[in-house]
Amino acid sequence: MSYESATQTSATRPPNHWVADQFAQLETRLVRYVQRQGRFEVDEARDVVQDAFAKLCQQPWPDIEGHAVAWLYKTCRNQAVDLARREVRMNSLFSKTDVTHLSDQAARQPDEAAVRDEQIDLVRTQLGALPDRQQEILRLRLHDGLSYRQIAEVTGLTVSNVGFLIHQSVSKLRVQLRAES
Amino acid sequence: MSEHNGHQSSWEEWQLTAYVLGEVDPDLAQRIEAAAEDDAQLSAEIAALDMTVGRIRHALELEPEAFESSESSEERLARIFEQAARSTTHETGDNADSSSATVQLRTRSAGRRLRLSLLATVACLFVAIYLAVDHLPLRELAQRAPANATVPVTELESSSSREAAFQNEDRAVISEQLLAETEPASTSTPPKSGADESRLARLAKGQSGAQPARTVASEDFESKTNLSSLDAAKPVPADLQDHLSVEQIVPVADQDALAAAPTTNQRGAVAAIASDGELSKQLLGDQASRGMGLVQQTEEEVQLLRRTANANGMGAASGQESRQLSRLETVQKLFAFRSREQGFVDNQDHYFEAEKPEAAGRDRYESLSLAQRASGDRFAAIHENDFASVTQAPLSTFSIDVDTASYAKTRQWLLEANRLPPAGAVRIEEFVNYFDYGYAGPTDGETPFSAHLAVASCPWQPQHQLVRIALQATKLDLEERPKANIVFLLDVSGSMDEPNKLPLVKNAMRMLTKQLGENDRVAMVVYAGAAGCVLEGTRGDKRKKILGALDRLNAGGSTNGGQGIQLAYDLARDNFIPDGINRVILCTDGDFNVGVTKTDSLVDLVAENAKSKIFLTVLGFGMGNSNDAMMEQISNRGNGVYGFVDSQREAHRQMVKQLAGNLVTVAKDVKIQVEFNPARVRSYRLLGYENRMLAAKDFNDDTKDAGEIGAGHRVTALYEVVPVSAEESHPAPDGTQLRYQSANAAPAPQPADTSDVADELLAVNLRYKQPEGDVSQLLTFPLKDRPVAFTDADRDFRWAASVVEFGLLLRNSQFRGDANWETLVEHAVEAAGHTPTAERQECLEMMRRAATLAL
């Protein structure tokens, strides 16, 4: 019956098939994104994404249509941040090691790294060494394919801030990767 | 505050990247394309950016995408609709407002947050509004801040006010930001949140029932009570309380600057937000480290950069590395650092202090945390070679040196730490030798190296001349290299547990193991509190086994380098390959803190093993603990190379590109003795090689140890020469036949004007031994006195000269003459040419960075 009520309001709510499309396209990417935000387990991240899609179903239609991607990322992000903050508070742990831990992991890349292309390995390590924020933005642009404008919407920065941060990350990686040319 | 950032950027800075990503409007794209057509450098720039972007994209694409799930995606979708439907039933009349397109997305999503996150938001909003009232005085303070901050900081007072300025500005920034967030909520019509008892919504509405925000806020501490009564109050976490207490012990001088600032309690709240306010911190840091940009910065930009950095005060410190540290840590370090400067704490790093050139304009608050860590680095002081009179000392004798660690360390200081390196860290010869030059190798197949001499006018002292002496060792195909027996000696002590240490060591070793084959042997010894063998001699093609041993390594414990080194040599001896490469590769951050730590006894051990043909290579890692002097010394005595690995790239350079050179020695005990013609040269000065100087008589003494040269290595030495006027000559030191003056000649002999050596400036004598030999061979190369103008010298000559100039400036050398940062970069850019190698490009970047830091 609850399913029914959703269809009843479909005039002003996103149609289910559209949501399903979005879900098919974005779910995996969003889960990965959320995972990175707070180093969550897959299950935790999936819950966050699921919540976001549930909220998407309640967004006014068709206003949301053009915004959906940025909106989903943004919603997931907020949720992830809240979740991460809560966890930190629960542990009341002052996570001095977090950053080190992260870049360390990136640098370590267990067994498979040895097999994989050394170059890619190198890029990845350098990526891992970037500040979290820069990594996030760079990934949103180059991995998730969001535009500067969308990233700005997701992160709350201005478009030029986004451009600036991306430039900075790219420049830094460029310097570090150059010797291999 | 965000606009403030965007408008300052010129299009070269970041929009170039945006252009590459297709993110600029067509107009700008056209302008860039037009400009790139005329400007080769710009188009190269774009191409390079494009390539980098491509590589990053490629690497990201190959990341694992899919994840396993117990549910099918249909099931998950169904759950979503169910969940959506459930909450829809709670929402009545929500549609009325939401159809209005003007409602901000942000507000909408905020109104629908789940209960828990909602509570957190309420707390944040309260604080934000509270701050909003406080906003004006804050802004005033923030404006005042730059004025304070640009004053050179010399005393406690100003430094404190500077910190206060930073704090205040930061607060202003944060509150502004929050205001911006709040504004849409309070000005536009907020969505009704239906049955949800959203205090947030009511608060945002302002008019309805709930107290007007302003009242709440202006009631000072009541806001706190309000917060807790809403049970949304975030208790200040324990770590932030620490933060508070740290701030409270900040010297009294702060209070005056903070007089208008809020109570500690408020600061706690601010801090609570600040930990979320990653964003503002990031922006400050990023702005400060804009120097990253590869496009050459105009002077204006440089100034702008400095101004911003100053205005941000400590904000600048959050650039680069320290950005990763939490705010609390930064504050603590600031405090510790400051008290150290005031002499509250014993000044333990006198090496570092003593070497700090008094020159400067160096911002001592930049990258505090890193500076702190790095202050543990020990560098031996360098006393630069002075000018020597040819009549008094016609011979200049030194041992070659192919190390490059000093350069890599400097790079880390400049590009990572954003600070000028201490003078003691700058060894000019290692700078010069870092670069590849186009010297031709030997052709006769007998001598292991060729020599290339040249002379031109000296760029920083036009009346002087610069003489280059370059050796190029035979290049060797890796396939032809002898069998290798390599023992890795890995430091796994606690201090290695940093991302730029052990993980980098492992990666470096992975790269190396790829180069090894079935005839090679690899063993691994680790040392920490105790030393142990983790991998017995293993065939080089058993990569799985080697990598497995690598991956099991973990850092922890103290360092007993002495014991480890003994074990490593034992293993090397067990697997000894006659006529092969037998080498111990020590990877450490140089922190030998247990056991045989006296440099002398270690050096003896190393030298003894070098005699029995087991050589030592030292690879230094990380910043902060390394005992530079000891590492240099033991690698010198171990007939080995001392390299410093600060990045993946450098690891690749050391382990792959230069592997042959690092493993295969083509000549050992290579000594250079230069004899100057007193008819042509009045005095001379060797640039660099300070710790490689030999007595003239040691040149012919085959028992005296000197530097090794590996396959493909090149050595470049530069002399600054003061050309002639006739002067008295003195007898030469014992044992050497002088070319131009007879040893027993009376004062002021007429130099042999008529002889065929009269037009020679100098002659270079070389002695070397075959890797296995004990008797040295002698080679002599004369150089005619035909100096060319500096601008006519070949590219490599000019590049080497620029690099020396760079070193002189970094050392703030008394011999720097006319050298200055502006012309340095000019000269270097010219010398680097249109298509500089990656190394040279990077060096240019270092020069620019150093120039901004030094100005």
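Within every chain, numbering begins at 1; the chains are lettered A, B, ... in the order of the sequence lines, protein sequences first and strands thereafter.
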Determine the minimum heavy-atom distance between [X] and [Y], stating which atoms define it.
X	Y	result
B/Ile80	A/Cys57	CG2-SG, 4.1 Å
A/Ser160	B/Trp14	CB-CZ2, 3.5 Å
A/Gln58	B/Ala84	NE2-O, 3.1 Å

If you measure from [atom1] on [X] to [atom2] on [Y], what distance do you get to the nearest 0.5 Å?
X	Y	atom1	atom2	result
B/Leu504	A/Thr125	CG	OG1	9.0 Å
B/Thr17	A/Ile166	OG1	CD1	8.5 Å
B/Leu49	A/Leu173	CG	CG	11.5 Å
B/His58	A/Leu142	NE2	CG	13.5 Å
A/Gln50	B/Arg79	CD	CZ	4.0 Å

### Query
Excluding sequence neighbours, so at least two apart, what forms side chain to side chain contact (heavy atoms under 4.5 Å, CB included) with B/Ala48?
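Per chain and number, B/Ala48 pairs via side chain to side chain contact (heavy atoms under 4.5 Å, CB included) with A/Arg174.
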
### Query
Do you know which of A/Val123, A/Val159, A/Leu138, A/Leu56 has the most heavy-atom pairs with chain B at a distance under 4.5 angstrom?
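The candidate making the most pairs under 4.5 Å is A/Val123.
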
### Query
Under a 4.5 Å cut-off applied to non-hydrogen side-chain atoms, are B/Arg76 and A/Phe53 in contact?
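B/Arg76 vs A/Phe53: side chains apart.
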
### Query
With A/Arg141, which of B/Leu60, B/Ile56, B/Leu21 fulfils side chain to side chain contact (heavy atoms under 4.5 Å, CB included)?
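Going through B/Leu60, B/Ile56, B/Leu21 one by one, the side chain to side chain contact (heavy atoms under 4.5 Å, CB included) with A/Arg141 is satisfied by B/Leu21 alone.
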
### Task
Determine the sole option in B/Leu16, B/Val53, B/Val20 for which the side chain to side chain contact (heavy atoms under 4.5 Å, CB included) test with A/Val170 is passed.
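With A/Val170 as partner, B/Leu16, B/Val53, B/Val20 yield a single side chain to side chain contact (heavy atoms under 4.5 Å, CB included), made by B/Val53.
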
### Message
Please classify the contact between A/Tyr148 and chain B as side chain, backbone, both or neither, with a heavy-atom cut-off of under 4.5 Å.
### Response
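Both parts, heavy atoms under 4.5 Å.
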
